[in-house]
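Working notes, beginning with the structure itself.
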There are 2 protein chains.
Amino acid sequence: MESPKTPNAIRHASPEKTAAILDGAMRVFLEQGYAGTTMDRIAAAAGVSKPTVYSYFHDKEGLFNALMEQMVREKQWAKFPQDFVLSTQESSKVVLRRLANDILDNCMNNSEQITFIRLVIGESGRFPELGRAFVQHVEKPIQEALTHYLASCPNLNLRDPTASARMFMGTLIYLIITHEMLHGQDIVPMERDRLIDHLIYILHLSEKNPDTQQINKCL
Amino acid sequence: MESPKTPNAIRHASPEKTAAILDGAMRVFLEQGYAGTTMDRIAAAAGVSKPTVYSYFHDKEGLFNALMEQMVREKQWAKFPQDFVLSTQESSKVVLRRLANDILDNCMNNSEQITFIRLVIGESGRFPELGRAFVQHVEKPIQEALTHYLASCPNLNLRDPTASARMFMGTLIYLIITHEMLHGQDIVPMERDRLIDHLIYILHLSEKNPDTQQINKCL
DNA sequence: GTCTATAATTTGATAGAC
DNA sequence: GTCTATCAAATTATAGAC
């Protein structure tokens with residue numbers, strides 16, 4: 001409560017060492033999980049001694065919380081809502097496809113991002129606030145921006161934009177989980193473009209735009 | 001390879017103790033994760049001594065693998081494909097709603113199931129085969145049964161039943177993840193019935209059944 | 001402020017009694 | 001087959017030198 005800028009960190013600390021410790025801790029925690037990580041390895045990865053780590057962070061749990069809070073906030077999640085900035089000049093199909101590709105690009109073949117999300121899910125049992133922070137700062141902003149876009153889009157005629165946004169997100173996240181997190185690409189294969197095509201198609205089934213209107217729907 | 005019935009278990013072992021150890025290990029691993037679990041606690045939870053644990057399983061990793069293989073196989077996942085057994089006598093809306101409710105019932109307010117899936121995701125980085133086994137024995141059978149149902153359903157007129165099945169599963173799993181695994185019910189609230197209604201609605205948008213045909217679609 | 005060295009405990013795994 | 005007792009290594013955290 002006294003140092004709101006750097007919670008769990010000791011006052012008068014050098015910003016360079018703080019960053020070095022957080023960076024080293026990030027690498028080890030991502031690789032080994034919370035319980036599998038030792039303070040010795042964090043100190044070695046950070047290039048400092050173990051007492052230095054303890055002088056900057058009260059204990060292992062405090063370091064983990066500080067690190068995770070920073071990662072949840074500072075990851076480039078904020079870029080996704082900006083997929084909609086040009087939305088008035090582009091068709092909804094273009095905008096939604098760009099968002100889907102950006103979300104998948106952010107995770108597919110990006111082992112660090114996958115490992116981070118795996119850590120959040122894996123530790124959210126013993127660190128419930130970590131899970132909540134992820135939903136608050138990552139999932140909710142994207143859901144809200146997408147819902148707002150779907151609701152305000154002129155040609156789409158969606159009955160429930162909020163549920164549609166959950167469906168859109170869930171379909172993509174499920175692909176990431178089965179293929180990347182659980183290594184099931186070869187067990188339940190699915191082309192990402194095929195899944196995106198399907199989502200775009202589904203979201204335009206009730207389209208009332210004069211251009212593509214009602215043509216192949218009535219017969 | 002020599003004892004295919006109980007892999008990682010030593011020969012001539014009493015089935016009762018094997019079950020007791022697996023049961024105790026399950027409780028501790030679910031609560032503490034892999035690295036957070038000690039063989040002492042497993043022995044205590046199983047009501048046997050530590051050397052007994054080691055006489056039944058070669059080491060911690062072998063015990064974990066044996067336990068997880070059993071859990072992935074023996075959970076009551078197989079019940080979901082049976083949601084389709086009466087499918088020819090019921091409307092697709094009834095069948096799909098029952099499946100969605102069964103999937104959500106299996107996880108919502110079921111902390112053991114949630115903890116198990118969290119463990120699978122959390123440890124699939126260091127135990128890739130665990131992730132693959134989960135996809136193979138849990139996700140794939142449900143996906144295939146649902147895809148087959150969607151493709152063979154008379155009234156539904158889906159362009160891509162396979163992608164539709166992924167969308168259906170993903171929408172539900174995403175709700176489970178955000179609400180249950182990440183504790184975000186209050187951050188991104190969503191009524192489960194509203195989400196199910198949306199899925200049913202979406203999957204029937206291309207319906208060509210004479211009963212509910214084309215009425216509110218053309219205008 | 002940062003280090004070396006170490007305390008106090010816990011860990012995975014085993015020897016040997018019965 | 002199962003236990004008590006124990007090992008060697010690793011772990012969190014700190015005392016004290018500089």
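In this text the structure is predicted, and so the values were computed from the model without any measurement.
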Per A:Val48 side chain, nearest of listed nucleotides D:dA5, D:dT2, C:dC3: C:dC3
Pair B:Gln143, A:Tyr174: side-chain N/O donor-acceptor within cut-off below 3.5 Å: yes
Gap between atoms NE2 and P, on B:His58 and C:dG12 respectively (whole Å): 15 Å
Nucleotide D:dA10, atom P - distance to NZ of B:Lys60 in whole Å: 15 Å
Under 4.0 angstrom between A:Thr52 side-chain N/O and C:dC3 OP1 or OP2: yes
Aromatic plane relationship, B:Phe29 with B:Phe64 - under 30° parallel, 30 to 60° tilted, over 60° perpendicular: perpendicular
For atom CD of A:Gln32 and atom C1' of D:dA10, their distance in whole Å: 14 Å
Between C1' of C:dA7 and OH of A:Tyr54, the distance in whole Å: 13 Å
Interatomic distance where CG belongs to A:Asp40 and C1' belongs to C:dT11 [whole Å]: 14 Å
Sugar-phosphate only, base, or nothing, as touched by A:Asp59 at under 4.0 Å among non-hydrogen atoms: sugar-phosphate
Given D:dT12, C:dA15, C:dT4, the nucleotide with the shortest approach to the side chain of A:Pro51: C:dT4
Sugar-phosphate, base or nothing in reach of A:Ser49, heavy atoms under 4.0 Å: base
Closest approach of A:Val72 to A:Ala133 (non-hydrogen atoms, all atoms of both residues): CG1-O, 3.4 Å
B:Tyr56 side-chain proximity, nearest of D:dT2, C:dA13, C:dC3: D:dT2
Sugar-phosphate, base or nothing in reach of A:Lys50, heavy atoms under 4.0 Å: base
Minimum-distance nucleotide (side-chain atoms of A:Met39 versus D:dC3, D:dT12, C:dC3): D:dT12
Lys/Arg-Asp/Glu bridge criterion (N-O < 4.0 Å) met for B:Asp160, B:Arg166: no
